[in-house]
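Have a look at the structure below, then the notes.
Note that ligands are numbered from 1 as they come in the structure, with each ligand's atoms numbered from 1 the same way.
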Amino acid sequence: MESFEKMIKRLLSEASGLAPETFASLVSAPPKPEMGDYAVGCFPLAKAFRKDPKKIAADLKEKVDLGGTPFSSAEAAGPYLNFRLDDAAMARLVLEAIRQEGERFGHSDFGAGKTVIVDFSSPNIAKPFHIGHLRSTVIGASLYKIYGALGYKPIGINHLGDWGTQFGMVMAAFEEDGSKEALEKSPISYSLKLYVDYNKKCELDPQARELAKSWFVRLEEKDAKALDLWSMFRDLSLRKFEKIYERLGVGFDYYTGESFYNDKMEGAFQRVEKAGILSRSEDGAEMIDLDDYGMPPFILKKSDGATLYATREIAAALYREETYSPSLLLYVVGTPQELHFRQFVQSLKLMKLDLADKIVHVKFGHVHGMSTRKGEVVLLEDVLDEAAAKALEKIEENLAAGKLEQGVEKMALAESVGIGAIIINDLKHRRERDVSFDWEQALRFDGETGPYLQYSLARVKGILRKAGVEHPSSPDYSQLCEPETRALVRALADFPAAVEKAARDNEPSHVTTYLFDLTKAFNLFYTRHRVIGAGKEKEGARIGLVSAAGVALANGMRLLGVPVLERM
Ligand code: ARG
């Protein structure tokens, strides 16, 4: 559906012969609702038209053709041109579009033919899980869906931390007295335990450290035994990660972790060398000097020849460019890596690669206060388990208070509500803001939470079940005229624009904010106006409206990754 703003820009463009973008930032809400639904301020047009803004408004009013549009009038008021929507025409347009488009309402072909890479989640094997990895997972998965809805071809990549000196420790520890059984049972936490314990041991015993180093050297030299051990740790952990991602409803197109670039780094290194920007430090490390840009050097090879995170970053970018020809590469990684990404982009610029301009570091703030019964968070799984357990308590409370339907399967509901709570707690504010985590707050069934969105949708579905129809035939749209009703229709029309804006700013929270506004509009409508039993004409039109609200709400929730429930 074309948004009303876009429609206005198109009409003005047709009336004036100027490009629709000319009117891009001129459309706003008028100061008073009596003046209409949209106001176009003509001041900035004075130059282009070489005319007085008042005259421009009056001329545009004469030329603009409202035939076949949902607008009933365009009135000049001083330097403004005010547009008014006709209630019935607007409702018809919006509700029919939603009914036709269904799950595709809010989608478009805006990005058709373009590929966007979303590098997200990317935890490290055998190293602690940071709550930042959860944020990256939630934000990245949502952006993946948002870009997909806008017609882009999204490619989700998990840049798994599956190579590095930690594997030396894990292998040394495992060879000493590791248990294959324990590893198979809980690969992520057991690898982490081996790593943490062995690290402690190294502090007392320098020989242990040497042993770990020699294991990593064996791995880098592709020693068969070392490679076997490494793949065992990697594969078991990966399978477990996949299960956790499944709980979150998240998937990846590729798990090309850091190890994937082992045989691609030399090539990348040579390209840097060819660009003539490689320098060597006194102790023999090789790097890209970034002094002129006020940054420390981007180190690509240590003095012993070992490669680094940075080397793999460049190799990965070159590989992605060559393999997928993306228009955009998003790296969903926390703010602490800001310097790394600035160095990375500057290095690509020095290599004279256009790629540099396509990279966006989608950064996000810290999480405060996330802890579980087991203490500080070390495993993603613990967070999800805790969420489900706490959600179950809440569900019991709400059941007792008669707020939930009896007979709904509680365990499955708790899992979905817990996940919805975590996701919305993360996606309700702009991503660069720090997030404070408070289970009580995140799990509330009222207020700005995931459970609240789920609950609102279940209520919509409940009304439709009771009505017995979802789409009444030929509803009388002129019935949708009360202020709260009209406001809900307008809120529905705003959904596609919210999705576009979310992609433009790489900010899923725009969709969340939209959904809260929508549920507010819905509640206002629903508390003021009876749906079932409102009398034949009103009832039919209102059921159509409720049904449309359910579609927009569910579509928005899907874009954020919040589980959509029929009943609760
Ligand atoms: N594994 C890294 C970490 O945990 C994140 C990787 C993000 N992606 C990237 N291409 N650098 O910090």
Side-chain angles (χ1 to χ4, degrees), residues 116-144 154-167 170 188 191-192 195-196 230 233-234 237-238 240-242 244-245 250 252-262 264-265 268 288 295 298-300 307-324 326 328-348 353 355-356 358-367 370 377-380 383 431 506:
V116 52
I117 290 183
V118 190
D119 174 321
F120 71 108
S121 194
S122 313
N124 304 312
I125 293 178
K127 272 199 187 171
F129 162 81
H130 295 290
I131 204 69
H133 294 122
L134 175 61
R135 287 211 76 185
S136 171
T137 310
V138 167
I139 297 169
S142 177
L143 289 174
Y144 182 91
I155 297 182
I157 298 184
N158 195 322
H159 192 74
L160 211 59
D162 61 358
W163 199 259
T165 49
Q166 79 263 32
F167 282 97
V170 172
I188 297 176
S191 313
L192 179 62
Y195 169 72
V196 171
W230 170 81
F233 280 103
R234 182 188 188 271
S237 299
L238 191 52
K240 183 78 195 191
F241 272 122
E242 279 177 311
I244 299 171
Y245 289 134
V250 169
F252 295 88
D253 295 295
Y254 302 101
Y255 283 92
T256 36
E258 292 190 46
S259 70
F260 180 76
Y261 301 98
N262 278 339
K264 299 171 181 62
M265 278 186 289
I288 301 173
M295 290 185 271
F298 207 38
I299 304 176
L300 301 184
T307 55
L308 294 124
Y309 185 54
T311 334
R312 289 186 273 282
E313 200 73 276
I314 293 190
L318 296 176
Y319 174 81
R320 290 170 186 181
E321 159 101 316
E322 212 173 273
T323 316
Y324 311 114
L328 190 64
L329 296 93
L330 307 179
Y331 291 76
V332 189
V333 187
T335 319
Q337 292 195 32
E338 194 164 7
L339 176 62
H340 166 79
F341 281 101
R342 281 178 41 228
Q343 291 175 303
F344 166 47
V345 170
Q346 189 56 55
S347 301
L348 295 177
L353 297 175
L355 185 59
K358 301 180 188 163
I359 288 175
V360 181
H361 176 199
V362 180
K363 48 185 175 263
F364 52 80
H366 289 287
V367 181
M370 166 81 86
V377 174
V378 281
L379 293 174
L380 181 49
V383 179
R431 58 182 156 75
N506 294 311

Problem set entry | Ligand-residue contact atoms, ligand 1 with Tyr331, heavy atoms, under 4.0 Å | 10 (N)
Seminar exercise, completed: Within 4.0 Å of some non-hydrogen atom of Asp119, the atoms of ligand 1 are 7 (C), 8 (N), 9 (C), 10 (N)
Exercise. Which ligand 1 atoms are under 4.0 Å away from a heavy-atom of Glu313?
Worked result: 9 (C), 10 (N), 11 (N)
Exercise. Can you say whether the rings of Phe260 and Tyr319 are parallel (under 30°), tilted (30 to 60°) or perpendicular (over 60°)?
Worked result: perpendicular
Problem set entry | Residue of the set Val138, Val250, Val333 for which side-chain contact (heavy atoms from CB on, under 4.5 Å) holds with Phe120 | Val250
Seminar exercise, completed: A student checking ligand 1 against Phe341 at a 4.0 Å heavy-atom cut-off should list atoms 11 (N)
Exercise. According to the interplanar angle, ranging from 0 to 90°, do the rings of Tyr331 and Phe341 count as parallel (below 30°), tilted (30 to 60°) or perpendicular (above 60°)?
Worked result: tilted
Exercise. So, the side chain of Arg312 versus the backbone of Lys264: is there a donor-acceptor pair under 3.5 Å, distance only?
Worked result: no
Exercise. Between His340 and Phe298, how do the two ring planes meet: parallel, tilted or perpendicular, split at 30° and 60°?
Worked result: tilted
Problem set entry | Test item, His133 contacting ligand 1 (heavy atom, 4.0 angstrom) | yes
Seminar exercise, completed: Ranked by distance from atom 12 (O) of ligand 1, the top protein heavy atom is Gln337 NE2, 2.8 Å
Seminar exercise, completed: Per-atom filter on ligand 1: closer than 4.0 angstrom to a heavy atom of Tyr309 are 2 (C), 5 (C), 6 (C), 7 (C), 9 (C), 11 (N)
Exercise. Ignoring hydrogens and geometry, is there a side-chain-to-backbone donor-acceptor pair from Asn158 to Ser122 under 3.5 Å?
Worked result: yes
